[in-house]
Amino acid sequence: MKNTFLGLSFLVTLFSFGQVSVNKAHDAIIEEFLTNGAEKHNYIFEMTEWQNCLDEGLKKDSTVAQLWQQKAMPYFKCRKYEVGMAFLDKAVLYDKQEWLPYRGFMKCIFSKNYKEAIADFEECIKLYGNGYRMDHSYRFYIGLCYLQLNEYEKAEKIIGDYVDDIYTNRLQLEHPTAYFYQGIAKYELKKWDEAIAVFDKALKIYPEFSDVKYYKAICWLKQGKSRAEVVALIDSAKEDAAKGFTINEDNTVYETYPYQVKFRK
C-alpha cells in the first residue's frame with residue numbers, strides 16, 4: 001500500500017524542500033558540514049559527531065537555517081522535544097518560509113503542542129497561503145489539532161474542506177488518511193452513518209486499513225449491530241495491524257498519529 005503514495009510523497013518533498021537556494025555561501029557550508037560532514041555519521045548512534053559537524057558549520061555562519069533544522073531533527077526522533085525545538089526555533093528565525101510549516105508539523109505530530117501548531121500553521125497561511133508539508137496541507141494539520149483539542153465541529157469542517165479540495169483541485173485525489181480523519185471527526189460527533197460512509201471510502205482505497213476497521217466496528221456497535229459482526233471486524237483489524245497495515249504516513253515509524261490504534265498482542 002505504501003508504494004501507492006510514493007509518487008505523491010516524492011512530489012511534495014520536492015515542493016517542500018527543493019527550493020533553489022540564492023545563497024551560494026550557505027550552499028557551500030551545507031555541502032561541507034552537512035553533506036560531507038554530519039551525513040557521514042549516524043545521527044542516532046553517532047549523535048556527538050553529527051552535532052559537532054553542524055556546530056563547525058554554524059561557527060562559519062550562524063544564519064544557515066538548514067543546519068539548525070538538522071541539529072533539531074535527531075532530538076525529535078529521540079523524543080527529546082524541548083531540546084530539538086530550541087534548535088528548530090533558530091531555523092525558523094533565519095528562514096521562516098521554509099521552516100515555519102515544518103515546525104508546525106513537528107508540534108502537531110511529534111511534540112503534541114496543538115495550540116502552538118495551529119498558531120504556526122495559521123501564520124503560514126497568512127504569510128504564504130495554504131501550502132503543503134509532509135503530503136498534506138497546513139489546514140489538514142490544523143484539523144488534526146482540533147481533533148486533539150476536542151473541538152470536533154471545527155475539525156469536521158476543516159478536514160471535510162481538505163478532502164473536497166484534494167478531490168476537486170488535485171486530479172480527483174482520494175487519500176485514505178484524509179478519509180480516516182474525516183470519518184473520525186464524524187465519529188466523535190456521533191454521526192455513525194456518515195462516519196461509516198467515509199470509512200468505507202478509505203477501505204475502498206486501502207482495504208487492510210486496520211485503524212479504519214476498528215473505528216468502523218465501534219460505529220457498528222453504537223448502531224446496534226450484532227456482537228458477532230463487531231468482533232469479526234475488530235479481529236480482522238487486529239490481523240491487518242499485525243501485518244503492518246496502519247496509518248500510511250512516513251513518520252508513524254517515529255510517532256503514534258492521532259487516533260492510531262495500538263492493538264494488544
Side-chain angles (χ1 to χ4, degrees), residues 2-3 5-111 113 116-117 120-121 123-138 140-141 248-255:
K2 205 172 192 66
N3 290 336
F5 304 102
L6 284 179
L8 173 65
S9 180
F10 177 70
L11 289 174
V12 173
T13 300
L14 286 179
F15 178 79
S16 299
F17 296 102
Q19 296 180 351
V20 176
S21 173
V22 295
N23 192 324
K24 291 184 178 179
H26 282 198
D27 290 345
I29 290 172
I30 290 167
E31 181 175 5
E32 180 179 358
F33 294 99
L34 176 60
T35 307
N36 297 322
E39 290 181 354
K40 301 296 183 182
H41 303 281
N42 182 290
Y43 60 76
I44 300 297
F45 302 118
E46 298 177 289
M47 175 76 85
T48 300
E49 292 81 357
W50 175 277
Q51 295 292 343
N52 286 345
C53 288
L54 298 175
D55 287 342
E56 288 301 310
L58 289 167
K59 286 179 183 178
K60 282 201 166 186
D61 188 338
S62 64
T63 70
V64 183
Q66 189 174 351
L67 296 189
W68 287 111
Q69 181 271 334
Q70 286 292 297
K71 281 182 67 64
M73 178 269 295
Y75 291 115
F76 279 103
K77 291 182 178 179
C78 292
R79 296 185 173 88
K80 296 185 177 183
Y81 305 124
E82 290 189 39
V83 176
M85 193 60 69
F87 296 126
L88 187 51
D89 288 343
K90 286 281 193 178
V92 173
L93 175 66
Y94 294 120
D95 189 348
K96 179 177 284 190
Q97 186 168 1
E98 181 64 18
W99 299 115
L100 182 62
Y102 177 82
R103 188 176 72 180
F105 170 80
M106 299 306 284
K107 288 178 178 179
C108 175
I109 300 301
F110 281 74
S111 62
N113 295 323
E116 292 183 15
D120 278 355
F121 282 123
E123 184 178 2
C124 288
I125 293 167
K126 180 180 178 180
L127 293 174
Y128 315 116
N130 184 29
Y132 270 60
R133 188 53 55 108
M134 303 296 180
D135 288 2
H136 300 286
S137 75
Y138 305 158
F140 169 79
Y141 292 111
N248 195 1
E249 302 290 322
D250 290 341
N251 284 285
T252 56
V253 174
Y254 307 106
E255 288 293 332

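- Interatomic distance, CG of Asn251 versus SG of Cys108, reported as 11.0 Å (0.5 Å rounding).
- Here the shortest heavy-atom pairing between Lys40 and Glu46 reads O-OE1, 4.4 Å.
- By the side-chain contact (heavy atoms from CB on, under 4.5 Å) test, Glu32 is found to be paired with Lys60, residues two or more places apart in sequence or in another chain being considered.
- When every heavy atom of Met47 is checked against every heavy atom of Pro74, the shortest pair comes out as CE-CB, 3.5 Å.
- Heavy atoms only, all atoms of each residue included: Ala117 and Gly104 are closest at CB-O, 3.6 Å.
- Note: Phe76 and Tyr81 have tilted aromatic rings, judged against thresholds of 30 and 60 degrees for the angle between ring planes.
- Looking only at distances, a side-chain donor or acceptor of Arg79 sits under 3.5 Å from a matching main-chain atom of Tyr254.
- Judged purely by atom type and a 3.5 angstrom limit, Trp50 uses its side chain to pair as donor or acceptor with the backbone of Gln70.
- Separation of atoms CG (Asp89) and CH2 (Trp68) is listed at 11.0 Å; rounding is to 0.5 Å.
- Contact of the Tyr132 side chain with the Pro101 side chain is not registered, since no non-hydrogen atoms from C-beta on lie closer than 4.5 Å.
- A distance of 8.0 Å separates SG in Cys124 from CZ in Arg133, rounded to the nearest 0.5 Å.
- Applying the side-chain contact (heavy atoms from CB on, under 4.5 Å) test between Ile109 and each of Met134, Glu249, Glu255 identifies Glu255 as the sole match.
- Residue Gln66 is tested with Asp27, Asp95, Ile29, Ile30 for a side-chain contact (heavy atoms from CB on, under 4.5 Å); the sole match is Ile30.
- Across Ala72 and Gly84, no two heavy atoms sit closer than the pair CB-O, 3.2 Å.
- Side-chain contact of Thr63 with His26: a donor-acceptor pair under 3.5 Å is present, judged by distance alone.
- Between the CE atom of Met106 and the CG atom of Asp120 there is a distance of 12.0 Å, given to the nearest 0.5 Å.
- With values rounded to the nearest 0.5 angstrom, Tyr43 atom OH is found 11.0 Å from Glu39 atom CD.
- The shortest distance between side-chain heavy atoms of Gln51 and Tyr75 falls below 4.5 Å.
- The side-chain contact (heavy atoms from CB on, under 4.5 Å) check on Asn130 picks up Ile125, Ser137, Tyr138, Arg139, with sequence neighbours excluded.
- Among residues two or more places apart in sequence or in another chain, the salt bridge (charged side-chain N to carboxylate O under 4.0 Å, His left out) test is passed with Lys96 by Glu123.
- The two residues Ala91 and Trp99 have their closest heavy-atom pair at O-CD1, 3.7 Å.
- For the pairing with Tyr141, the ring-ring contact (aromatic ring centres under 6.0 Å, His included) check across Phe110, Tyr102, Phe105 returns one residue only, Phe105.
- Shown are Asp61, Asp55, Leu34; of these, the side-chain contact (heavy atoms from CB on, under 4.5 Å) with Leu67 is made only by Leu34.
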